Amino acid sequence: MTRLTTTADGADLRAPASARRRDGSRDGFGAAFVLMLPAIALYGLFSLTPILFTVWISFTNSGGFNTEASFVGLDNYLRAGDDPIVWQSLGRTFLWLGYHVVLAGGLGLVLALAVSRLSRTRVFFRTAFFLPHLVSLAVVGVIWANIYDPFYGLISTALTQIGLGSWNQGWLSDPLLVLFSVNVASSWQGFGLYMLLFIAGLQNIDQSLYEAAEIDGANSWQKLCNVTLPGLRDVMTFVISLAMINGLKGFATVFVMTNGGPFYASEIITTYIYRLAFQAQDHGLAAVLCILMSLLAIVITVAFNRWRARQAA
Amino acid sequence: MLRRTLMASAAALGAAGLLAVPGLAQAQTLTVWATDQLAQPLVAELWNKLKADFEAANPGVTVEYMPPTGTISNGAVQAAIQSNAGPDVLLTNSGIGRVSTVVNAKLIQPLTAHYSDMGWKDKIFPWLYDILSSQFGGEIYEVPDGIDAIGLWYHKDMFAEHGWSIGGSWADFEALLQKIKDAGLEPLAVGPRNGANGGHLMGNFLQAAAGSTVMGEVVSGKKAWTDPEPLLGAERVVDFARKGFISPQMAGLDQEGAMRMWINERAAIFFGGPWFIGNARAGEYPLDNMGFATIPSDIEGESKPTGGIGWSWMIPTSSKQPELAAKWIDFILSDEVMRYRAEHPTGNQISPREMPDIKPVVPVMVDVFAAAAKGVGYNPSVYVPGSATDTYFQVIQGLIGGQVSAADGMAQLQAKMPAP
């Protein structure tokens, strides 16, 4: 059925096009604005306001929420620049992030490839490998701190039992090992989610590509390199972005297992922020580091995605 | 019409009835952040009796214990108060360094008025009152729950069997630790990972090397950490780690781990205060076998425990029941409660005022009282300002783990001290 838009003598029944556009867009915008208002209000209250408040605090000498703060200009930014622990913890944050992407992301990919080859036991292993992700990071920290205990821990006892006691290390006391050791615990908790994402990605790869590769005589390694990994490109981009953001947010395991020690060897930017804000009550400097961390997250994610987009093109 | 009249009458009668029941009209709840060991039956017995007695003395009041999730040291107190999830009154680790943090952030209320109107001034040692009243321009923000006395805990049977004893000079102490090491044991157990226990060891080493007068000047900023006396204390920690008297792997151990080593008799000596008795009991260690000694010092009269105000009651600014909270603290300071706590099987603290004729249930407490009677030195963990506390703990880890030299460590610590 066609709508009647003209009279018998051919006159256009519709309003002039410009007026229609104007009225329509006004009505549409008004309705959209009203519908979006609750979301905008919530976003403003719970996201925008804290962000703006943090930026404001970074320019003050705030010693806590109950204290009067005065404007100090760029003092906190200059202090951050002069503080060697800020730079050390920044470097360790990048190291932490790298460890997390490789350990958690890598393990997630390897296990996804292994689990997807299973048929009858696939659900069992998928569930079993995902289970650590359901455990709170703080609890994971306590468990792994006990595993690493140099005198009573699982690793120390096992090595001693099999006559390799000399291989035992100060997992949490050696400054060169500590960040890696803590990251293993954190990655153990995180790999399950990445594994599930990879499994979902694997299920979306067209099976005919494997059949074609087999007809061409490709072996397993060639199929992995030329079919599977290219097929996972989008999932991999997402997983790496997610792992980088999760890596930047790393806090609980470090706080529980080492408290940033020994002698700042595992201090990352988030644990230093907590120490400044809640132990030393130096909210100004802590706010500067929060802004720095947020900028880092934005820059790293945007840069990585642009790089991936360029590669794909 | 009749139905409306009847309903109005019933509503009026109900309201009058509610107002007539005093318990409902005046019901108040006091949330208390006290011990974190309520899961232990003996500890629960003590605190539940205190709760029942306070409720009986204050009809209509219900005391609710909040399980504490931390202290000022780990930021939990600050986080709880700032997020308005704190209790009405709390017991936490204290000392000028820690208390300054929450005072400066305006997280706790001044209690100065109560020291006069509730007579608290006369319920603590005069010297303790003098210290408290000199810290914040005359304002007092805490009420000490007990005084700490940190020394060396050893196994009586082990030491008797080998003919070992703690005492004499520093050289004698070194010789003893060498014998312990030769016997295949860890001489000293310390868990500096979460700060406090490293501070217990370091405070004792500083006390032995510098004495309490010098350390008093150091922690108050009148003397530098880099001066020869405190520097010697740090050098001795490095020296002991190098000689294997303190295993460098202990830099990654927490206090619980170090306690476990001592309780299982894998280590000979542990640094701690009388609160350690509670942990030993929880670990089913025979309390009669606990020995307490002070660290040997080459300075005459300076072989004494370190300590100061260990734990204090405070009222958060977010407290919904500040007057009732003050009543609770007053109740805790009463003779009956202090005696009950001191003579209870879990009694493991030195009262904040003279309590004659106390008969502690745990025998070793007699030795702790005797050691503290000679005076208590400074535990820097509770005296250094908040800006330097974390560096102090990190430096101790670095000294034990061999990451920093004594001179560099002390210089880093000094850099964090505010100008005198």
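Order of the sequence lines fixes the chain letters, A, B, ..., with proteins taken first and strands second; residue numbering starts at 1 for each chain. The shown structure was predicted, so the numbers you read here are calculated from the model rather than taken from an experiment.
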- Query: Any chance CZ of A/Phe251 has more than 12 other-residue heavy atoms, nucleotides or ligands included, within less than 6.0 Å?
  - Reply: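 Correct, the count exceeds 12.
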- Query: Taking everything shown except B/Lys243 itself, do over 12 heavy atoms lie less than 6.0 Å from its NZ?
  - Reply: yes
- Task: Can you measure from OG1 (B/Thr389) to CZ (A/Arg275) and round to the nearest 0.5 angstrom?
- Result: 11.0 Å
- Point-to-point distance, once rounded to the nearest 0.5 Å, from CG of B/Asp390 to CD1 of A/Ile85: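 Interatomic distance, B/Asp390 CG to A/Ile85 CD1, rounded to 0.5 Å: 7.5 Å.
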How far apart are the closest heavy atoms of [X] and [Y], and which atoms are they?
X	Y	answer
B/Gln249	A/Pro150	OE1-CB, 3.0 Å
A/Tyr264	B/Gln394	N-OE1, 2.9 Å
B/Gly398	A/Phe263	CA-CB, 3.7 Å
A/Ser173	B/Pro248	CB-O, 3.8 Å
A/Asn146	B/Arg260	OD1-NH2, 3.6 Å

- Item | Contacting region of A/Tyr148 [heavy-atom separation from chain B under 4.5 Å] | neither
- For each of A/Val178, A/Asp149, A/Asn259, tally heavy-atom pairs with chain B at distances under 4.5 Å, and name the one with the top tally.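 Most heavy-atom pairs under 4.5 Å with chain B: A/Asp149.
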So, the side chain of [X] versus the backbone of [Y]: is there a donor-acceptor pair under 3.5 Å, distance only?
X	Y	result
B/Gln403	A/Pro175	no
B/Gln78	A/Phe278	yes
B/Arg266	A/Phe151	yes

- Item | Side chain, backbone, both or neither of B/Glu186 within contact of chain A (heavy atoms, under 4.5 Å) | side chain
- Message: Could you check whether any side-chain heavy atom of A/Leu172 comes within less than 4.5 Å of a side-chain heavy atom of B/Arg193, counting everything from C-beta outward?
- Response: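 Yes, side chains in contact.
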- Leading residue by heavy atom contact count with chain A [cutoff under 4.5 Å; candidates B/Ile72, B/Asn264, B/Val77, B/Asp254]: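 Of the candidates given, the most pairs with chain A belong to B/Asn264.
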